[in-house]
Amino acid sequence: MRDTPSYDPAALEAKWQARWAERHTNEPDLDRAARPFYNLMMFPYPSAEGLHVGNMFAFTGADIYGRFKRLQGFDVFEPMGFDAFGIHSENYALSIGTHPAKLIPQNIETFRRQLRRFGGMFDWRHELSTTDPAYYKWTQWLFLQLFKAGLAYKKRAAVNWCPKDKTVLANEQVIDGRCERCGTPVEQRFLDQWFFRITYFAERLLQNLDLLDWSSSTVLLQRNWIGRSEGAELLFETPGGRKITVFTTRPDTVFGATYLVLAPEHPLVEELTAVEQRPAVKAYQREVQSKDVVSRRVGDKTKSGVFLGSYARNPATGEAIPIWTADYVLMDYGTGAIMAVPAHDKRDFEFATQFKLPIRQVIQLEGESLPIVSDDGVLMNSGAFDGLPGREAAGRIVAWLEERGLATPRVQYRLHDWCISRQRYWGPPIPIIYCEKCGAVAVPEKDLPVELPPIEDFRPDDTGVSPLARHEEWYFVKCPQCGGQGRRETDVSDTFLDSSWYHLRYPSTEFHDRPFDQARTKKWLPVTSYIGGNEHAVLHLLYSRFITMVLHELGHVHFDTPFPKFRAHGLIVKDGAKMSKSRGNVVIPDAYIKQWGADTFRMYLMFLGPFQEGGDFRDEGIVGIRRFLDKVWTLVHEAALSPAGSPGNTPSVEHKLHRTIRKVTADTEGLQYNTAIAAMMEYVNALRERGAGNRELLEPLVVMLAPYAPHVAEELWEVLGHDTSVFQARWPAYDERLASAGDVEIAVQVNGKLRSRLTVPRGMAEKDVVARVLADEAVKKFVDGQPVKKVIYVQDRLVNLVV
RNA sequence: GCGACCGUGGCGGAACUGGUAGACGCGCCAGCCUUAGGAGCUGGUGGGGCAACCCGUGGGGGUUCGAGUCCCUCCGGUCGCACCA
């Protein structure tokens, strides 16, 4: 007998990767595919450190799913690209003094090499980078569509300003009042910013969530982010006839409103301030403005504020109540003014206590002391509404005030319009030209892209204006409308705009005269399966949904939901902490792949824990996967050298095979890769106990292994005598009858305690099983002659005798 | 503070609608083979006990013939939001 060659992953993986490239194995025919399956994973930001295990964990999980679908007969399109614009790249480029335009292609080259090496089923013909003018031309086109539809607008707004990165940040990029990237406390600045009117779609974005097949955690994050609140606007009038509108979700507590608070930025503050209070109020406004967003936003026990010296009438009680300004009221939510009900709101309670303002209880709830925040109670001190339950009273009070024109029911969202302006260099310039006569004019679509000039001096300064403004040859242009002197918009757009539509571009990368081809889009979109990290649950995934709704509304795409199916994978941490460069705990996969091979490392990552939960990276168990692959390797080689059909199949090994196929199929479909791998291991152990496998028992195993360990599966498929790729094979089918046949072990309990086990044929009748149970020695001992009061019987599982 | 998820051997983790807790893997122990082994093979491995048995899924309580799974409560952890009226 010839010797089995040894398993040498490095050589074998290089062989198959070369063969896949030569034979275009991973490149479906995008025009003629019969069963299109668009398998998308979140494209990486090509950092200088290269692909880390977190990326590889995510990509492997998504790749396994794509390969599985392929084996089920789908034409799977699995593209890959690079999200290469943005502050990350720019800051890194600044720190090492290299131009990002030089740095990024190098990083991409590294990523590409790593992505090929791990064995992803990527269709490299359709690679894209957001920094490519052929790509961002269409990002700019997208901006123009929104601009023309009135969904992009410019306004002066208080924005989050990072004094270190010298740029504005989106609300989503501010974590605990600090810059997401550098941790510097964020300040308030007032700048002219471009916004997208995402709030216009708030209700639809919320409603649509119910139609999505998404991880429930992701849906919940989006729902909270959109933050829908039902309530009413109430009108408080001053003796001078000024009207102050407040938003409240608790109109049932209006009888307890003992003062009003306006945000310091509220436009009515000035007019409502009494002469003698002016210096104090002005000083307070200045103080608040100079505060950074951290101390402004982080709610703590100590509140600050100033009495304006004037009063307004409570619409319910008719009482005059004092008007204050305080920074615990935010200008960008509701109307920027609140009615304060200290008895029933924690913040108002703290404020009233601190400034000795009246507290009037209007809700009673047993066992609770003020402030009673719950709406479960019953009204008191509320005139005709006394005794009503809070929730019922709310509607009645609004109706009562509405009749007198003092209330309007209203829905409020926490979601803000999306600020897409960035005063930076490394992004797509916003395609607008300012003309003294015509105002803001769209760059004509034929002039796109507005290329990012290759300037050496790309450092941001603290003027609040992008470095692009310093480059006159680029900055000054003719107005496209009147031909007069114009200036370019110098802001670039947010990277989240780049990534909001990349899935539309992938199938159409070879078309240069359109962002996405209609036929291709009809065939491949929406995306069939999307797998990615929950860190993008409220940013990328929300913006993509919004952009898709807009494109649908404008007639550019036939669907309004980009990702009908989304699964969030877990996070790989190291020593209990998120991997990050600053912690110095980033694990780079290259060394592991070099030592063990891509197949072993892929499977190891998937075996670490449930894919959708993630886990802590250690390398202790990796040898277990290698041992498993070695065993499969040996079994297959031995079977290939043995005469056909030897050794013969026994019923028990056939049952095991069919049960294994059933489990691996279900688990792979559900992304439960750790248990699918365990099931294959069990099967291999069973074959080895039996002495050997044969072709009939091993071919299904090799096919099931292929999504997990594609290179070794290809090699073994060849060893088994096939001259086509294993990915042209079909996923094995199982016979439900065979899968559920065979003996089962039944638990035998007396009074709920396990006393014995019984092996019986599956499906044996209850009375026969019980008869055998009663004859069992161990059972007799515990029944001890007492009458059996009750028999609990679960088919094929257990018998419990109650005595 | 609010919301969501989670807590199982020495370790990572299994356990369908409540029904044999600890699958699978790592590690460890013993033996075989070896000049040697960070290789391979065989067997064992939740705790206690010679044993029959008893105890065990963060703590306490409950529902049930039966609870890792359901309910209440407390403790601990992870993530998200955070003065959103």
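Below, each value reflects all heavy atoms present in this structure, side chains not excepted, and no hydrogens, waters or symmetry copies. In what follows, every chain begins at residue 1, and chains take the letters A, B, ... in the order their sequences are listed.
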Query - Of A:Ala337 and A:Gly624, the one whose closest RNA chain B nucleotide lies more 5' - result: A:Gly624

Report summary line: So ring-ring contact (aromatic ring centres under 6.0 Å, His included) across residues 659-688 of chain A, not counting sequence neighbours, yields A:Phe611-A:Tyr673, A:Tyr673-A:Tyr708

Requested in this report: Check every strand shown and say whether A:Lys789 touches a base, only sugar-phosphate, or nothing at a heavy-atom separation below 4.0 Å.
Outcome: nothing

**Report entry** Any pair counted as side-chain hydrogen bond (donor to acceptor under 3.5 Å, both in side chains), so long as it reaches residues 748-763 of chain A, sequence neighbours left out
**Finding:** A:Ser756-A:Asp776

Requested in this report: Can you sort out the partners of A:Phe195 under ring pair (Phe, Tyr, Trp, His ring centres under 6.0 Å), two or more places apart, ordered by chain and number?
Outcome: A:Tyr153

Requested in this report: Encode nucleotides 5-24 of chain B as B, S and - characters from 5' to 3', where the letter depends on protein heavy atoms closer than 4.0 Å: B to the base, S only to sugar-phosphate, - to neither.
Outcome: -------BSS-B--BB--BB

Requested in this report: Quick one: list whatever passes side chain to side chain contact (heavy atoms under 4.5 Å, CB included) with A:Gln361, sequence neighbours left out.
Outcome: A:Ala343, A:His344, A:Gln364, A:Leu370, A:Ile372, A:Met380

Query raised in the report: Reckon A:Arg223 touches a base, only the sugar-phosphate, or nothing at all at heavy-atom distances under 4.0 Å?
Result: nothing

Query - Any donor-acceptor N or O pair under 3.5 Å, side chains A:Asn534, A:Ser215 - result: no

**Report entry** Among B:C83, B:C65, B:A39, the nucleotide that comes nearest once only the side chain of A:Val802 is considered
**Finding:** B:C65

**Report entry** A:Trp596: partners by ring pair (Phe, Tyr, Trp, His ring centres under 6.0 Å), with sequence neighbours left out
**Finding:** none

Query raised in the report: Considering residues, nucleotides and ligands other than A:Tyr413, do more than 12 of their heavy atoms fall under 6.0 Å from its OH?
Result: yes

Query - Dot-bracket notation for RNA chain B, counting Watson-Crick and G-U pairs under 3.5 Å, with | for partners on another strand - result: (((((((..(((......[....)))((((((.......))))))(((....)))..(((((..]....))))))))))))....

Query raised in the report: Of the nucleotides B:A85, B:C83, B:A39, which has the atom closest to the A:Tyr328 side chain?
Result: B:C83

Query - Nearest listed nucleotide, side chain of A:Val623, among B:C53, B:C26, B:A85 - result: B:C26

**Report entry** ring pair (Phe, Tyr, Trp, His ring centres under 6.0 Å) partners for A:Phe236, two or more places apart
**Finding:** none

Tabulated below should be each protein N or O lying under 3.5 Å from an N or O of nucleotides 68-73 of chain B; please produce it.
none

Query - Residue pairs passing the salt bridge (charged side-chain N to carboxylate O under 4.0 Å, His left out) test where at least one lies in residues 662-674 of chain A, sequence neighbours excluded - result: A:Lys69-A:Glu669, A:Lys565-A:Glu669, A:Arg662-A:Glu736, A:Lys663-A:Asp667

Query raised in the report: What is the nucleic acid contact for A:Ser217, judged by heavy atoms within less than 4.0 Å: base, sugar-phosphate only, or nothing?
Result: nothing

Query raised in the report: Syn or anti: how is B:G9 classified when any glycosidic angle within 90° of 0 counts as syn?
Result: syn

Query raised in the report: With rounding to whole Å, what would you report as the distance between B:A15 and B:U57 at their C1' atoms?
Result: 11 Å

Requested in this report: Take atom C1' in B:A21 and the same atom in B:C55, then report the distance between them in whole Å.
Outcome: 14 Å

Query raised in the report: If you check the A:Lys303 side chain, which of B:G3, B:A85, B:C83 turns out closest?
Result: B:C83

Query - Contacts of A:Phe628 that satisfy side chain to side chain contact (heavy atoms under 4.5 Å, CB included) - sequence neighbours left out - result: A:Met603, A:Val632, A:Met680, A:Met681, A:Val684, A:Leu705

Query raised in the report: Taking the side chain of A:Ser229 as heavy atoms from C-beta outward, which of B:C65, B:G3, B:A85 is closest to it?
Result: B:A85

Query - Residue pairs passing the salt bridge (charged side-chain N to carboxylate O under 4.0 Å, His left out) test where at least one lies in residues 673-686 of chain A, sequence neighbours excluded - result: A:Lys656-A:Glu682

Query - Pairwise 5' ranking along RNA chain B for A:Asn224 and A:Glu689, keeping only the more 5' one - result: A:Asn224

